[in-house]
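Lettering of chains follows the sequences in order, A, B, ..., and the numbering in each one begins at 1.
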Protein chains: 4
Amino acid sequence: MSQESDIAIDAAAPPADGSSQGGGPYTEAPVPSGQRAPSQDRGQRRVDSILDAAAALFAEQGVDAVSVNAIAQRAGSSVGSLYHFFPNKDAIVEALAARYCREMVDLNIALLRPEMVTAPLDAVLSGVVEGFMHYHTSNPAYDEVYQAALRTSGGHQSPVFQQVQQSIRATVDEYLSRRMPTMPSEERGYYAMTSVAAVHWLIAEATLRDPIERPGRMRHLKEMLVRYFEPAEREYGVVRVPAVS
Amino acid sequence: MSQESDIAIDAAAPPADGSSQGGGPYTEAPVPSGQRAPSQDRGQRRVDSILDAAAALFAEQGVDAVSVNAIAQRAGSSVGSLYHFFPNKDAIVEALAARYCREMVDLNIALLRPEMVTAPLDAVLSGVVEGFMHYHTSNPAYDEVYQAALRTSGGHQSPVFQQVQQSIRATVDEYLSRRMPTMPSEERGYYAMTSVAAVHWLIAEATLRDPIERPGRMRHLKEMLVRYFEPAEREYGVVRVPAVS
Amino acid sequence: MSQESDIAIDAAAPPADGSSQGGGPYTEAPVPSGQRAPSQDRGQRRVDSILDAAAALFAEQGVDAVSVNAIAQRAGSSVGSLYHFFPNKDAIVEALAARYCREMVDLNIALLRPEMVTAPLDAVLSGVVEGFMHYHTSNPAYDEVYQAALRTSGGHQSPVFQQVQQSIRATVDEYLSRRMPTMPSEERGYYAMTSVAAVHWLIAEATLRDPIERPGRMRHLKEMLVRYFEPAEREYGVVRVPAVS
Amino acid sequence: MSQESDIAIDAAAPPADGSSQGGGPYTEAPVPSGQRAPSQDRGQRRVDSILDAAAALFAEQGVDAVSVNAIAQRAGSSVGSLYHFFPNKDAIVEALAARYCREMVDLNIALLRPEMVTAPLDAVLSGVVEGFMHYHTSNPAYDEVYQAALRTSGGHQSPVFQQVQQSIRATVDEYLSRRMPTMPSEERGYYAMTSVAAVHWLIAEATLRDPIERPGRMRHLKEMLVRYFEPAEREYGVVRVPAVS
DNA sequence: CATGAATGAGTGTTCATTCAT
DNA sequence: AATGAATGAACACTCATTCAT
């Protein structure tokens with residue numbers, strides 16, 4: 001787990017073209033040319049089953065406590081086969097992280113889609129909180145992987161989550177720039193990172209605690225966010241017409 | 001604003017008096033007779049140096065990546081000696097967690113001491129944020145240990161942090177009950193856990209990121225908390241006279 | 001006298017056919033399909049070489065003094081490989097015990113085969129003593145393993161040797177029931193366990209002592225056994241016709 | 001346990017003179033000169049309590065499984081104190097062995113005292129079997145220590161039990177020489193070692209097995225010994241008058 | 001591509017022994 | 001003498017990774 005993976009994962013940013021050139025065997029870029037499709041499909045299925053197995057085990061036992069053999073076994077595969085797709089254990093964690101990142105980015109884009117610019121603040125934030133809450137509960141390994149990626153990268157800049165943070169922040173930033181065009185850029189950046197962090201971590205914590213508290217926690221999280229943004233909306237004003245994407 | 005946090009930080013520092021010279025190593029049983037004080041001091045010093053070494057290594061590499069031998073070596077000790085004081089590696093993590101918990105609780109109590117009940121909201125929250133920020137930067141292993149304790153305990157209820165959560169929440173809850181006596185108890189509970197979680201996690205994240213962002217992040221965290229509590233203060237009112245402890 | 005023991009000894013040698021090629025390592029599950037025979041042969045060879053190495057070292061140094069690494073090294077293997085076949089050190093001891101037990105039972109059956117029912121007492125006992133003596137000298141670790149198994153099992157009922165004791169006693173018991181059909185069952189049981197114990201332990205001790213004494217010791221062991229059984233033969237009579245198996 | 005003890009224990013052979021010179025602190029030679037008696041008594045008491053503790057733990061867990069610390073603790077002492085009396089763990093085992101040897105020899109001498117020369121064979125053997133049986137059940141660690149001593153000494157000649165074997169065999173041999181003066185010396189030696197071994201091991205085994213079988217086993221052991229010696233008595237005759245010691 | 005036996009450095013832990021107090 | 005903290009070599013065992021089949 002400690003050595004650097006020698007494969008750069010570029011999944012958080014959607015590939016510019018549809019060709020699969022340059023991607024490792026574990027990217028999900030669609031295959032336009034038919035010649036190697038079946039083999040790649042089979043490979044993709046294997047990769048997915050390995051990642052699913054890894055996610056399940058990570059959620060149960062934590063990343064460091066799960067052995068590569070255990071992942072292979074749970075995936076109905078063998079170690080050797082697994083090492084055909086991933087150069088080392090870290091790469092599995094990173095690939096999983098990349099998958100989560102992609103999904104997170106997609107989720108974010110979906111929740112903050114252009115027509116939401118004119119939606120009432122509480123509706124937008126409620127959607128965001130519910131959406132991420134749902135994602136977290138559906139992907140219980142998310143936080144384990146997130147933490148592991150932070151740890152692996154020496155604590156500062158995970159090669160994967162770095163991108164997702166950037167990406168999500170950029171999405172939020174852009175959304176805010178459309179909703180409150182007069183807000184200064186730097187200020188907007190802090191609004192983005194503060195709200196993103198609040199949503200991320202309070203939801204992550206809520207999923208660990210007594211589920212009975214969860215609705216109350218979510219209500220207060222929404223409320224906190226609404227109150228956080230309200231003064232900004234009063235100060236900078238909100239657009240009336242949705243921006244044209 | 002910040003002079004108050006300085007006061008608070010002093011309270012969080014390990015007390016100079018003998019309050020932590022427990023009976024056996026790693027227990028806190030009171031010392032019945034004074035005869036064995038020197039040996040116990042030596043033991044306590046050893047225990048402390050082990051915990052310090054562990055904390056330093058945990059912060060650098062993460063809990064799971066640090067070997068017991070490495071801790072002993074860094075502590076200027078030997079494995080065998082280490083195992084005199086701790087039955088296994090987990091016990092080291094737990095002891096460190098316990099130390100952090102104690103300090104966290106103390107810090108919290110100091111920051112929310114009775115005379116702060118009538119202080120302006122932003123002063124109180126600023127002190128809290130600065131105080132915890134300072135604690136986090138001074139104890140970079142805090143979060144590693146916290147996470148490890150969560151993982152070890154199967155994710156749900158760490159035997160140590162469970163207490164600190166309880167304790168901190170109770171302290172905040174009590175503070176709020178004095179500041180806004182008419183706020184319903186259940187609501188108060190959610191205010192407490194939401195604000196505690198926000199402070200904890202946003203500060204933890206801020207320490208991992210680019211330090212240049214930190215002041216902006218802290219400013220927004222304070223602002224978010226102020227805005228979160230302001231409506232409650234307007235609704236339930238704030239006492240004018242500090243409660244008698 | 002001794003030509004019979006030679007016959008018996010051949011029976012105790014590990015069978016040349018595939019009777020011991022069990023399914024998994026160290027289990028004896030039958031092999032459902034033949035497809036994986038080569039790999040299983042390799043595994044069986046490894047298992048055997050590990051057990052041989054263990055036996056040699058146990059005989060030299062005693063079970064507790066031999067490290068798992070030493071066994072692996074002597075077997076020309078590695079620890080990891082060893083742990084592929086045995087879950088822990090005890091399992092090696094037990095597997096060796098099981099091998100010894102199987103061979104002991106086979107030897108016993110061969111020595112007391114049905115046609116020996118009408119053989120002269122001294123011929124039978126001479127064959128038994130010579131046979132077991134030969135087995136002990138060929139397997140110098142036998143007693144170390146036997147003792148270790150007794151120790152491991154808390155002293156009372158080793159899961160492996162328990163069976164061999166039962167089995168050997170039953171074989172002797174059945175032989176006696178055919179040779180002296182009128183002897184009461186309970187009495188027969190004591191004759192069986194006493195003679196089995198005498199053979200076992202006196203031979204075990206003889207192999208530890210000065211080899212020069214050994215022939216004399218064996219002569220006296222046989223004599224003691226003959227004299228032990230003679231009165232019983234006079235009292236209960238001996239059959240004239242061998243039983244049909 | 002594996003290095004050679006550098007202290008020779010000479011306890012099996014009664015000291016030629018009563019002075020304690022040359023004995024380690026853990027011999028039991030009586031102290032004639034009064035000057036150091038109290039200190040030596042205290043030391044002797046400590047030594048005894050250590051040996052008692054060791055014996056108890058050895059019987060429970062086996063020699064190799066018992067740590068020196070455990071012995072010290074059970075003896076109400078400390079490791080350091082223990083190491084004042086014994087140079088290493090092996091020395092404890094050997095000292096215990098020496099104690100057992102002395103007692104065994106004494107027991108043997110008592111059971112085969114001169115006036116037993118004319119006693120009926122079955123009475124003598126019954127006494128011997130009962131006596132040793134009683135000794136074994138009263139000293140459950142005996143066999144553990146015996147085996148450990150055999151192992152330690154490379155399997156062939158334990159520095160302690162070697163002597164006791166010699167001594168016991170000599171006692172029996174001498175008894176036989178008085179009971180059957182015309183028996184050839186070499187033959188007598190084999191009678192002695194065979195009967196001693198039979199008594200030793202069959203009783204040792206009987207104490208491990210189901211206690212309900214024990215009376216039957218003892219009855220058959222006596223019977224086997226009686227039948228073993230009877231022909232010799234018929235051949236060589238038995239003296240009528242007890243020898244004068 | 002697939003397999004899983006093989007590897008061996010590395011881990012947590014124990015324990016006989018020493019030595020400052 | 002007595003204590004028990006300190007030591008560190010050694011142990012049983014794990015697991016990421018390789019490679020012959």
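- Of the nucleotides present, F/dT18 is the one that pairs with E/dA5 by Watson-Crick or G-U wobble criteria, both distances under 3.5 Å.
- Here the options are D/Asn69, D/Ile71, D/Asp64, the test is side-chain contact (heavy atoms from CB on, under 4.5 Å), and the partner is D/Ser67; only D/Asn69 passes.
- The nearest whole Å value for the distance from the CG atom in C/Leu82 to the C1' atom in E/dA9 is 16 Å.
- Between D/Ser67 and the phosphate of E/dC15, there is no side-chain N or O to OP1/OP2 separation shorter than 4.0 Å.
- The residue among B/Gly80 and A/Val79 whose nearest nucleotide of DNA chain E lies closer to the 5′ end is A/Val79.
- Place C/Ser81 and B/Tyr83 on DNA chain E by their nearest nucleotides, and C/Ser81 ends up nearer the 5' end.
- Under the Watson-Crick or G-U wobble criterion, with both distances below 3.5 Å, F/dC13 is paired with E/dG10.
- One can find a donor-acceptor pair under 3.5 Å joining the base of E/dA6 and the side-chain atoms of C/His84.
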Test log, rule side-chain contact (heavy atoms from CB on, under 4.5 Å), inputs C/Gln147 and C/Val63: CA-CA 9 Å; C/Gln147 306 282 351; C/Val63 170; over 6 Å; no
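- The CG atom of C/Asp64 sits 12 Å away from the P atom of E/dC15 (whole-angstrom rounding).
- Atom-to-atom, CD1 of A/Ile71 to C1' of E/dG4 comes out at 16 Å; the value is rounded to the nearest Å.
- With a 6.0 Å radius and a threshold of 12 heavy atoms from other residues, nucleotides or ligands, C/Gln73 has its CD atom at or below the threshold.
- When the side-chain nitrogen and oxygen atoms of D/Arg46 are compared with OP1 and OP2 of F/dA2, one or more of them lie within a distance under 4.0 Å.
- Atom-to-atom, CZ of C/Arg45 to P of E/dA6 comes out at 10 Å; the value is rounded to the nearest Å.
- Whole-Å rounding puts the A/Ile92 CD1 to F/dA16 C1' distance at 10 Å.
- As a whole-Å value, the separation of C/Asn69 CG from E/dG8 P is 11 Å.
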